[in-house]
Amino acid sequence: MDKHDYEEIGLRIRCAQRMLGYIDKDVASILGVEVSSYRDMVHGRRPIAEEYLIKLCRKWNLRMDYIFYGNEENGIFWDDTPTQEKMIRNCAASISKQMRELLIIPEEERIDYMIEIQQGLQELMMSLQK
């Protein structure tokens with residue numbers, strides 16, 4: 001895996017972390033590392049050991065295919081059921097991810113990406129209004 005892979009994995013870990021309400025200090029404690037080390041791992045500045053990924057997946061009931069490959073087709077968590085609340089959370093997490101990616105994609109692709117984000121926000125708003 002290269003730096004980009006670790007950044008992507010870190011982004012998905014941070015997404016799950018926020019959805020579950022953990023702060024960096026909590027996650028560092030779960031992994032038995034310093035907060036600065038945890039932040040370096042989830043921001044792609046250092047590799048994330050497989051043992052840490054497995055530990056988080058077990059603790060949080062995360063799907064490994066989501067953590068490693070970003071596959072959200074079957075949900076992020078093993079106990080995911082297609083409830084409205086979970087779909088809204090997944091949609092919000094996806095939009096958040098896309099917004100962060102705006103900083104790293106080429107300028108000529110940003111407009112298309114921004115349109116995708118806008119459509120996602122509209123879908124989220126419609127879900128919330130129901």
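As the structure is a computational prediction, the values presented were derived from the model and not from experiment.
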Correct closest heavy-atom pair for Ile9 and Phe68 would be CD1-CD2, 4.1 Å
Straight-line distance of Ile67 CD1 to Glu50 CD, nearest 0.5 Å:
13.0 Å
Might you work through the side chain to side chain contact (heavy atoms under 4.5 Å, CB included) test for Glu8 and Asp5, ending with a clear yes or no?
CA-CA 5 Å; Glu8 289 294 311; Asp5 293 326; 5.8 Å; no
Answer with yes or no whether the hydrophobic clustering places Val35 together with Leu53; edges join I, L, V, M, F, W, Y residues whose side-chain heavy atoms lie under 4.5 Å apart.
no
I'd like to know if the side chain of Arg12 reaches the main chain of Tyr66, judged simply by a donor and an acceptor atom lying under 3.5 Å from each other, with no hydrogens or angles considered.
yes
Please find the pair of heavy atoms, one from Ile48 and one from Tyr6, that lie closest to each other, and give the distance.
N-CE2, 3.4 Å
Could Glu51 and Lys55 be called an ion pair, given the rule that one side-chain N must be under 4.0 Å from one carboxylate O?
no
Side chains of Tyr52 and Ser37 in contact at under 4.5 Å (non-hydrogen atoms):
no
Distance (rounded to the nearest 0.5 Å) between Asp26 CG and Leu20 CG:
11.0 Å
Just by modelled atom types, is the Gly44 backbone N or O under 3.5 Å from a matching donor or acceptor in the Glu7 side chain?
no
Under a plain distance cut-off of 3.5 Å, with no hydrogens placed, do Gln17 and Asp24 share a side-chain donor-acceptor pair?
yes
Is it possible for you to say whether Ile54 and Ile13 belong to one hydrophobic cluster, with membership spreading through side-chain heavy-atom contacts below 4.5 Å?
yes
Linked, directly or transitively: Tyr69 and Met64 (ILVMFWY side chains, under 4.5 Å)
yes
